[in-house]
There are 2 protein chains.
Amino acid sequence: MSLLTVGTVAFDKLESPFGKTDKILGGAATYIGMASSLLGVDTAIVSVVGGDFPQEYIDLLLSKGINLDGMEIVKEGKTFFWEGKYHNDLNTRDTLATELNVLETFNPVVPQDRKSPNVLMLGNLHPLVQKGVLTQLDQRPGLVVLDTMNFWMDCAWNELMDVIKEVDVISINDEEARQMSGEYSLVKAAKKIMTLGPKTVIIKKGEHGALLFQGEQVFFAPALPLEDVFDPTGAGDTFAGGFSGYLAKTNDFSFENMKRAIVYGSALASVTCEKFGTESLQDLDREGLIHRLRKFHELMDFSINL
Amino acid sequence: MSLLTVGTVAFDKLESPFGKTDKILGGAATYIGMASSLLGVDTAIVSVVGGDFPQEYIDLLLSKGINLDGMEIVKEGKTFFWEGKYHNDLNTRDTLATELNVLETFNPVVPQDRKSPNVLMLGNLHPLVQKGVLTQLDQRPGLVVLDTMNFWMDCAWNELMDVIKEVDVISINDEEARQMSGEYSLVKAAKKIMTLGPKTVIIKKGEHGALLFQGEQVFFAPALPLEDVFDPTGAGDTFAGGFSGYLAKTNDFSFENMKRAIVYGSALASVTCEKFGTESLQDLDREGLIHRLRKFHELMDFSINL
């Protein structure tokens, strides 16, 4: 059972009330790959980096069992770079720098032996790039999940609509759902987005959890309350990696199983928030994950006789 | 099994993006009384109104089975009045008028036959008034629940600390929990508030649900996602009424049962949001409540084999 992800591998430079970092390993595909590999799924990344991307990071990703055959290295180019500073509440942040670099001309190529994944995860990239990956596959995957952001709604709406109608699941945050649908109510927003193509809509609310909509069904998973949120960078991508990774691993795309996938995604995302960058996710083992899932179960478990 | 509530019975004048009202029935004790009476508990209010309070509202409260022997009517006085206007997001509001009127000299008197409730609900009032009710009882109730707000933290901190150390459960919103504890993290805030007296801390997050903390245990109940939030006035009080009413009815103050109580409170609060004031709560019957609880169960139900 396999997951194919197209997304960024990047350098991040982060500042939070708890400290700051130099350039460290970041990018959506990095978090998605690491989260899904923890679930024991055969996971591969299609991405691009520059000649400045250190062998150390490549070795780290490979050591996690992430297949990098589809990660192009543009020797003369520079890796995508993002710098951000979080405010005291850790819910809002300022982007200090965004250097697209090699991402600007990124033309993803799916390796021949990765053209039949069970699940395809289209990370937040230009909709044309997302569509380009989808059309390279030998057959339609059992499930296609798409992430996007307000930026593409502003500047590539038609292309976004064109790829969205091809996917099964869309995963976006509350503000993006509101922008995409023109509805303030998230229930109404989800219903409207379903008419654009995806049968399933996930609305991420950061520290306030995530909602899963499919037809008339709704499921909610809270974010695990933490003593300290250290750095939320990558939490949404970790969530997506846990979600799509669990579904790829189990190859069961029922609503019941998607609920489990949401819980796996939320549990993994809570780990990512506890240290800078990928640090805490790197150190997580199967036992740590099970401990986290138990906490989730306790947090949500109740019984009522009706 | 009985619940005694001290709190406001008031006139509210409301404006939301969906319309506006004249002076209508409001007040914390009104919502708490109505919510708890729906659960079949013997519920009584200690409060005060003016001579302007219409017989129609008194009849309505009595028809819901709410005991009003402890509701003083000050013939020459005017009923407490609050006017507010909600912003488009319905999460924020401006207070346009607050007229304390008879509340200013409110000296609660607990009727003789109401001095041994199973559960005492101390609604949001001056801490001295809350304390005054507690000391009038023949014996300490099985459970004492307290609601308060930032206003009392600002202007009656010592009196608030004096009553808080006597209660079992405190129910406040996230901003109030942060102010009371000086901690941004709600996990840390709850722990700090526990050192002030209450063994159990409920932190209400409005549309983002509610957290229940007791020792190291945490439970979370989401708010039911609604197509439209029409008017959130009274949702927090309805929640408190459902919570304390369910505990009074079952007379079981274990953490497991408090989780159920939180779900009852959340289900009832979602009803209150669907129309102006107490309108939708008035119309709710047992069947409607069970339907709502089923929706809650669906919203949170998942199974994972660990």
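This one's a predicted model, so the numbers in the text were calculated from it and none came from an experiment.
Rounded to the nearest 0.5 angstrom, A/D174 CG and B/H208 NE2 are separated by 7.0 Å. Rounding to the nearest 0.5 Å places CG of A/L212 at 10.0 Å from CG of B/L299. Between atom OG of residue A/S303 and atom CZ of residue B/R260 there is a gap of 4.0 Å, rounded to the nearest 0.5 Å.
Contact of A/V218 with chain B is made through backbone and side chain together, with heavy-atom distances under 4.5 Å. With a 4.5 Å cut-off on non-hydrogen atoms, B/K295 does not touch chain A at all.
The two residues B/E298 and A/F219 have their closest heavy-atom pair at O-CD1, 4.2 Å.
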Using atom types as modelled, flag every donor-acceptor pair under 3.5 Å from a side chain in residues 185-202 of chain A to any protein atom, sequence neighbours excluded.
from	atom 1	to	atom 2	distance (Å)
A/S185	OG	A/V187	N	3.3
A/S185	OG	A/K188	N	3.2
A/S185	OG	B/L226	O	3.3
A/S185	OG	B/E227	O	2.7
A/K188	NZ	B/D228	OD1	3.2
A/K188	NZ	B/D228	OD2	3.1
A/K191	NZ	B/E227	OE2	2.4
A/K192	NZ	A/S181	O	3.2
A/T195	OG1	A/K192	O	2.5
A/T200	OG1	A/Q214	NE2	2.8

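In terms of the salt bridge (charged side-chain N to carboxylate O under 4.0 Å, His left out) criterion, residue partners of A/E175 (sequence neighbours excluded) are, by chain and number, A/R178.
For B/F151, the CZ atom sits in a loose shell: 12 or fewer heavy atoms of surrounding residues, nucleotides or ligands are nearer than 6.0 Å. Counting heavy atoms of neighbouring residues, nucleotides and ligands inside a 6.0 Å radius, atom NZ of B/K13 does not exceed 12 of them.
When each of B/L211, B/D301, B/V229 is checked for heavy-atom pairs under 4.5 Å with chain A, B/D301 comes out on top.
When B/F302, B/F296, B/F220 are each tested for a side-chain contact (heavy atoms from CB on, under 4.5 Å) with A/F220, only one passes: B/F220.
Taking 4.5 Å as the limit, some side-chain heavy atom of A/I304 sits within range of a side-chain heavy atom of B/Y264.
Scanning residues 266-291 of chain A against chain B with a 4.5 Å non-hydrogen threshold yields A/I290, sorted by number. Scanning residues 240-259 of chain A against chain B with a 4.5 Å heavy-atom cutoff picks out A/K259, ordered by number.
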